[in-house]
Amino acid sequence: MTELLKNREYKKEALKALLLRIHEGEDVNKLKEDFRQVLSGISPLEIPIIEQELVKEGISAKDIAKMCDLHVELFREAVKGTDELEERDLPDGHPLKTLYLENKEIMKDAEMLNLYARTLATTKNERMREEILGVLEEIASNLRKVGFTHYNREEMLTFPYIERRGLTAIATVLWTKHDEIRFMTKRFAELLRKRNEMSWEEFAEKVKEKAGELSFALSDMVFRENNIYYPTLNALLTDGEWKAIRQQEDGIGYYKVSPPEWDSDTEALHPWEIESELSVEQLLGLPKEVQQVLKGQPLEFDKTVLKREGDINLGTGFVSVNELKAIFEVLPVDITFIDKDDRVRFFSPGERIFARTPSILGRPVQLCHPPKSVHIVNKILKAFKEGRKSEAMFWLKMGPKHVYIKYMPLFDGEGNYMGTLEMTMDIAGYKRIEGEKMLLDWRD
């Protein structure tokens, strides 16, 4: 064991030295042979642990991502021609099998993108050029959905499980690569719309170049996931965790696949419900390489307890009464709830468009409106109760404010009418918004 730890420490220090040279601006390609010597002795199952240690010691996710590019290339050479046994052994509808199947579709589209872009560069016929551009636009449009579906499911559904186990570096590095591909895909789609802004020769050459880069990035990610990330998930996640993931997948969507239903006999397990320690059974079920690494470097589990005493279970989370009040205080909307008997049960604190006082609680909603409009209120409520309408919207000017009002009926899980929610907000400021302001644009 001591020799194993010394060996892994040596590998880590060697990688740190190489990553420092990358960070200082040295050409990655010139360091390829140096990386090859170090990476050739690292098992794919050791990568998550070493990445985690590097992140803890201050190495940036971007620099680690550059190293991963090289490792994927070298690992591809080592496993070229092997089959993905995990996919074959998984039942239809299992979330991990769905990820594998999506990657096959992504690879097909990445290869077609590169093929059509190269064909475009050598095509002289005007009509054929137009046809090829149409195909490229369709492929680019499809590939943008990879980020909304495939990557998004990994980030929202699988990352929390490995993060809870302490493997935050894997998630950080993969998310960095996902965002790079999202950016490349968006820019490629924009490039296809600029054919009238440059000569045809320049345009076709740029399309070929950028398509090649995007195709390579997509195929590299497929390889990284199939041979590094998915085996890690397969080793760590239980049927209960996969069941919870399967229950949520449909809400995000899929890339060109339609998985059938899949279930297991176990209870669905969410990340916050995972035991804070690996059981003996779980440890013995891990690949031997991971077992050896974990003995020398135990993972730091996230042991945060989500549900506290006194919390309200809202179905999508747990909050205290005070937290719930604070949430309503800062919402930029004015909310009023009318129960099934048309009586005012609740109004939100904080921002108000129309005056509300505790004295209206329990009051029939009809008495909260001018007599001339009560018949309209009754018509709306009747339509809601009968299921004929799902909303009623109005807007009006009040000085500098542009007030938007929306009524929505509420129903329980069995379709029984529970009441109506009134939502009011001043949209004047929102109507003036132009362009984009991203999270990265924020300044303190």
Side-chain angles (χ1 to χ4, degrees), residues 25 27-29 62 65-66 68-69 72-73 102-155 174-225 252-257 427-443:
D27 188 347
V28 177
N29 290 320
K62 286 189 176 181
K66 292 176 184 177
C68 287
D69 288 337
V72 166
E73 182 180 335
E102 283 179 314
N103 269 345
K104 287 186 175 181
E105 297 299 323
I106 293 169
M107 277 299 297
K108 289 178 192 174
D109 284 348
E111 291 172 11
M112 292 300 289
L113 179 76
N114 201 23
L115 175 64
Y116 275 99
R118 289 179 175 278
T119 304
L120 180 70
T122 58
T123 299
K124 305 298 182 184
N125 184 282
E126 186 65 31
R127 183 179 62 80
M128 288 297 295
R129 286 177 176 178
E130 291 299 321
E131 289 182 6
I132 293 170
L133 273 175
V135 174
L136 284 171
E137 288 170 355
E138 182 179 354
I139 295 173
S141 177
N142 284 334
L143 287 173
R144 291 203 67 183
K145 297 172 187 173
V146 172
F148 300 130
T149 56
H150 183 79
Y151 294 162
N152 201 19
R153 288 207 325 283
E154 290 177 343
E155 293 157 2
L174 278 177
W175 205 326
T176 299
K177 299 302 295 180
H178 287 173
D179 280 349
E180 287 176 6
I181 292 173
R182 286 182 173 111
F183 179 80
M184 292 171 71
T185 310
K186 180 182 179 182
R187 288 292 177 262
F188 182 75
E190 291 172 350
L191 173 62
L192 293 178
R193 296 193 291 268
K194 295 180 178 179
R195 55 178 166 170
N196 296 324
E197 298 180 15
M198 61 192 84
S199 69
W200 174 260
E201 290 73 18
E202 182 184 0
F203 172 73
E205 193 58 35
K206 280 191 175 182
V207 167
K208 183 177 77 170
E209 176 190 350
K210 296 304 177 183
E213 292 173 358
L214 176 56
S215 177
F216 182 81
L218 286 162
S219 61
D220 262 7
M221 179 55 70
V222 167
F223 188 84
R224 180 179 288 110
E225 290 176 347
I252 296 177
Y254 308 93
Y255 188 72
K256 293 191 168 183
V257 300
I427 61 172
Y430 300 104
K431 292 185 69 177
R432 293 192 293 269
I433 293 176
E434 295 180 352
E436 293 183 343
K437 182 177 181 180
M438 311 296 284
L439 181 63
L440 294 175
D441 296 327
W442 187 85
R443 299 288 183 272

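We use all heavy atoms of the structure for the numbers below, so side chains are in, but hydrogens, waters and symmetry mates are not.
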Can you measure from OG1 (Thr176) to NE2 (His178) and round to the nearest 0.5 angstrom?
-> 10.0 Å

Answer yes or no: is there a side-chain heavy-atom contact under 4.5 Å between Tyr254 and Arg153?
-> yes

Taking Asp441 for its side chain and Met438 for its backbone only, find out whether a donor-acceptor pair lies under 3.5 Å.
-> yes

Any donor-acceptor pair under 3.5 Å linking the side chain of Ser215 with the backbone of Ala110?
-> yes

Could you grab the distance from atom CG of Leu136 to atom CG of Asn114, nearest 0.5 Å is fine?
-> 10.0 Å

Of Leu113, Ile139, Leu143, the one forming a side-chain contact (heavy atoms from CB on, under 4.5 Å) with Phe188 is Leu113

Run the side chain to side chain contact (heavy atoms under 4.5 Å, CB included) check on His150 and Glu225 step by step: do they pass?
-> CA-CA 11 Å; His150 183 79; Glu225 290 176 347; 3.0 Å; yes

For residues 192-210, please give each side-chain donor-acceptor pair under 3.5 Å, one per line with the distance, not counting sequence neighbours.
{"residue": "Arg195", "atom": "NH1", "partner": "Glu130", "partner atom": "OE1", "Å": "3.0"}
{"residue": "Arg195", "atom": "NH1", "partner": "Glu130", "partner atom": "OE2", "Å": "3.0"}
{"residue": "Ser199", "atom": "OG", "partner": "Glu202", "partner atom": "N", "Å": "3.2"}

Would you call Glu155 and Arg182 a salt bridge, using N to O less than 4.0 angstrom?
-> yes

Which residues share a side-chain hydrogen bond (donor to acceptor under 3.5 Å, both in side chains) with Lys256, sequence neighbours left out | Asp109

Side-chain polar contacts of residues 121-129 - donor-acceptor pairs under 3.5 angstrom, sequence neighbours left out - could you list them?
{"residue": "Thr122", "atom": "OG1", "partner": "Thr119", "partner atom": "O", "Å": "3.1"}
{"residue": "Thr123", "atom": "OG1", "partner": "Thr119", "partner atom": "O", "Å": "2.6"}
{"residue": "Asn125", "atom": "OD1", "partner": "Arg127", "partner atom": "N", "Å": "2.9"}
{"residue": "Asn125", "atom": "OD1", "partner": "Met128", "partner atom": "N", "Å": "2.9"}
{"residue": "Arg127", "atom": "NH1", "partner": "Glu131", "partner atom": "OE2", "Å": "2.6"}
{"residue": "Arg129", "atom": "NE", "partner": "Thr123", "partner atom": "O", "Å": "2.9"}
{"residue": "Arg129", "atom": "NH2", "partner": "Thr123", "partner atom": "O", "Å": "3.3"}

Between Ile252 and Thr149, which heavy-atom pair has the shortest distance, and what is it?
-> CG2-O, 3.9 Å

Hey, are the side chains of Met221 and Arg224 touching, using non-hydrogen atoms and a 4.5 Å cut-off?
-> yes

Hey, are the side chains of Leu218 and Leu214 touching, using non-hydrogen atoms and a 4.5 Å cut-off?
-> yes

Exam field: side chain Ser141 to backbone Glu137, donor-acceptor pair closer than 3.5 Å = no

Answer yes or no: is there a side-chain heavy-atom contact under 4.5 Å between Tyr255 and Asn142?
-> yes

